[in-house]
Amino acid sequence: MKAFLIDRYGKNETGRIDEVPAPALRDDDVLIRVHAASVNALDPKIRRGEFKVILPYRLPLILGNDLAGTVERVGAGVSQFKPGDEVYARPDDDRIGTFAEFIAVSATSVALKPHNLTMVEAASLPLVALTAWQALVETAQLKPGQKVFIQAGSGGVGTVAIQLAKHLGAFVATTTSTPNVAWVKDLGADVVIDYRQQDFATALRDYDVVLNSLGKDELERSLQILKPGGHLISISGPPTPTFATARGLAWPLKQVMRLLSRGIRSKAKRKGVTYSFVFMRADGAQLGTITSLVESGAIVPVIDRVFPFEDTQGALAYVEGGRAKGKVLVELP
């Protein structure tokens, strides 16, 4: 089968399309013919080697972290899916590789595709929708009437998180650049901060939850807008000892993460708020719940551009540029 893979980590590694063996199918797996795959900010980071300590992949590595496609075969232990089913998924993070014609995914990570979406639309959702769900529902336990600040509202996670937070009954503030202000308001945001004109840290007050997806400066300034008892959740780091324990990482790595996050954890504690790091995980049951929200119209995918599979390298470069509105997709023939 054809696949897009990297041979080494590094800023100068561009990747290549080549013929590789089809994936082996375990008893609890579903073999999926990939119709479309989403390009996430995570993909260039993996290519640069930023996660090689906690995600020790073997090289050469097929990139790609979510997909929509058709079930080709199922393992002996799988009964909930059958050949021909249209599905979407975020594979387990130690078994990525959706930039390929086929991928074997654990059945517990797969859900039936929303019936009202095309393959391309469905492929745009798994990673970002699960990230938003695990941050806002699972970690923050966001409730109706609470105030949540979602950074980068025009990004892949931001566009879904705004819609999910509004569905949950929250008051939503976000940031974006000048050309996108009206567009992000249409997604449901109650307050939109044009970061070229305003500083969110001085414009917002008494928020219950912050979802951070940016850098250290934005993370620390987010503490200023949280009220005592609030929750600062970051999907961009730094990771915490709790995260290291949950992933079963070795003691030395746990100590490294303790040091990396000590500053923000101490500042949060002095402010009287909680700091959590969320590294999303595959979860077919949660994705099934998201399917129902998509089919009801509560969540609508937002797509910026679709690249042909032959230009996967161009799709990665476009996402790495940081200017995408919503999601970028790779479509396979």
Side-chain angles (χ1 to χ4, degrees), residues 54 128 130-153 155 157-176 184 188-195 197-249 251 253-281 286:
I54 61 174
V128 293
L130 286 169
T131 299
W133 183 274
Q134 289 167 19
L136 298 180
V137 177
E138 193 174 76
T139 305
Q141 299 181 12
L142 194 63
K143 296 177 175 57
Q146 287 189 317
K147 296 166 66 177
V148 58
F149 172 52
I150 296 167
Q151 293 173 347
V157 173
T159 54
V160 175
I162 289 170
Q163 296 179 75
L164 177 59
K166 290 305 297 181
H167 170 74
L168 296 170
F171 179 92
V172 179
T174 191
T175 54
T176 192
V184 172
D190 298 286
V191 174
V192 180
I193 303 293
D194 179 351
Y195 65 78
Q197 307 290 334
Q198 287 179 286
D199 178 2
F200 75 85
T202 58
L204 305 176
R205 281 290 178 273
D206 296 324
Y207 274 69
D208 299 282
V209 178
V210 171
L211 176 54
N212 172 72
S213 57
L214 301 176
K216 180 181 178 181
D217 179 59
E218 290 85 359
L219 178 68
E220 294 190 353
R221 291 194 296 123
S222 293
L223 290 172
Q224 299 176 36
I225 75 168
L226 283 164
K227 65 185 183 182
H231 203 154
L232 174 56
I233 300 169
S234 179
I235 60 173
S236 57
T240 61
T242 301
F243 164 75
T245 299
R247 290 194 66 88
L249 299 179
W251 184 87
L253 280 178
K254 185 174 182 179
Q255 301 316 304
V256 169
M257 293 179 187
R258 185 184 304 279
L259 289 172
L260 287 173
S261 62
R262 183 170 60 183
I264 189 64
R265 287 187 292 111
S266 296
K267 291 175 182 178
K269 186 176 181 179
R270 288 197 297 270
K271 177 76 174 179
V273 305
T274 301
Y275 171 71
S276 299
F277 171 69
V278 171
F279 191 84
M280 66 79 54
R281 67 185 187 281
Q286 288 183 356

- Message: I need the minimum non-hydrogen distance between Gly188 and Lys166, along with the two atoms involved.
- Response: O-CD, 3.2 Å
- Spatial distance of atom CG (Asp199) from atom CD (Glu218) [nearest 0.5 Å]: 9.5 Å
- Item | Test side-chain contact (heavy atoms from CB on, under 4.5 Å) applied to Arg281 and Gln286, step by step | CA-CA 10 Å; Arg281 67 185 187 281; Gln286 288 183 356; 3.5 Å; yes
- Which value, rounded to the nearest 0.5 Å, describes the distance between Ile162 atom CD1 and Thr174 atom OG1? 4.0 Å
- Examine distances only and state if a side-chain atom of Asp208 and a backbone atom of Val148 form a donor-acceptor pair shorter than 3.5 Å. no
- When rounded to the nearest 0.5 Å, the distance separating CG of Leu204 from OG1 of Thr175 is 9.5 Å
- Query: In this structure, are over 12 heavy atoms from other groups packed under 6.0 Å from Lys216 atom NZ?
  - Reply: no
- Message: Any side-chain to backbone donor/acceptor pair from Thr139 onto Gln134? Under 3.5 Å, distance only.
- Response: yes
- Looking only at non-hydrogen atoms, find the nearest pair between Ala170 and Leu142 and report the distance. CB-CD2, 3.6 Å
- Task: Determine whether Met257 and Leu249 make a side-chain contact, defined as any pair of heavy atoms from C-beta on separated by less than 4.5 Å.
- Result: yes
- Non-hydrogen side-chain atoms of Val210 and Leu219 separated by less than 4.5 Å: no
- Distance from Leu260 atom CG to Phe277 atom CZ, nearest 0.5 Å? 10.5 Å
- Arg265 (side chain) donor-acceptor with Arg258 (main chain) under 3.5 angstrom: yes
- Task: Starting from the C-alpha separation in whole Å, work towards a yes-or-no answer on side-chain contact (heavy atoms from CB on, under 4.5 Å) for Arg247 and Phe279.
- Result: CA-CA 10 Å; Arg247 290 194 66 88; Phe279 191 84; 3.9 Å; yes
- Where is the tightest heavy-atom contact between Ala132 and Val160, given as atom of each residue plus distance? CB-CG1, 4.2 Å
- Note on the structure: In this structure, OG1 of Thr176 is separated from CD1 of Ile193 (nearest 0.5 Å) by 11.5 Å
- Message: Checking Ser222 against Gln151: is there a side-chain donor and acceptor pair closer than 3.5 Å?
- Response: yes
- Message: Would you say that more than 12 heavy atoms from the other residues, nucleotides or ligands in this model lie under 6.0 Å from the CZ of Arg205, or not?
- Response: yes
- Message: For the backbone of Ile233 and the side chain of Ser276, can you confirm whether one donor and one acceptor N or O come within less than 3.5 Å of each other?
- Response: no
- Going through the distances and angles, do Val191 and Phe171 end up as a side-chain contact (heavy atoms from CB on, under 4.5 Å)? CA-CA 8 Å; Val191 174; Phe171 179 92; 3.6 Å; yes
- Query: Parallel, tilted or perpendicular: which describes the rings of Tyr207 and Phe149, with under 30° parallel and over 60° perpendicular?
  - Reply: perpendicular
- Task: Give a yes or no on whether the backbone of Tyr275 and the side-chain of Lys269 come within a donor-acceptor separation of less than 3.5 Å.
- Result: no
- Task: Rounded to the nearest 0.5 Å, what's the gap from CD on Glu138 to CG on Leu130? Could you check?
- Result: 10.0 Å
- Which heavy atom of Ser234 sits nearest a heavy atom of Asn212, and at what distance? OG-ND2, 3.0 Å
- Exercise: identify the closest heavy-atom pair between Leu214 and Ala152: CD2-CB, 4.3 Å
- Task: Output yes when a side-chain donor or acceptor of Thr274 lies under 3.5 Å from a complementary backbone atom of His231, and no otherwise.
- Result: no
- With Ser261 as partner, the option from Thr240, Val256, Thr242 fulfilling side-chain contact (heavy atoms from CB on, under 4.5 Å) is Thr240
- Query: What pair of heavy atoms forms the shortest contact from Gln198 to Ala203, and how long is it?
  - Reply: NE2-CB, 4.1 Å
- Message: Would the distance check show the side chain of Asp190 and the main-chain N or O of Ala173 forming a donor-acceptor pair, the cut-off being under 3.5 Å?
- Response: no
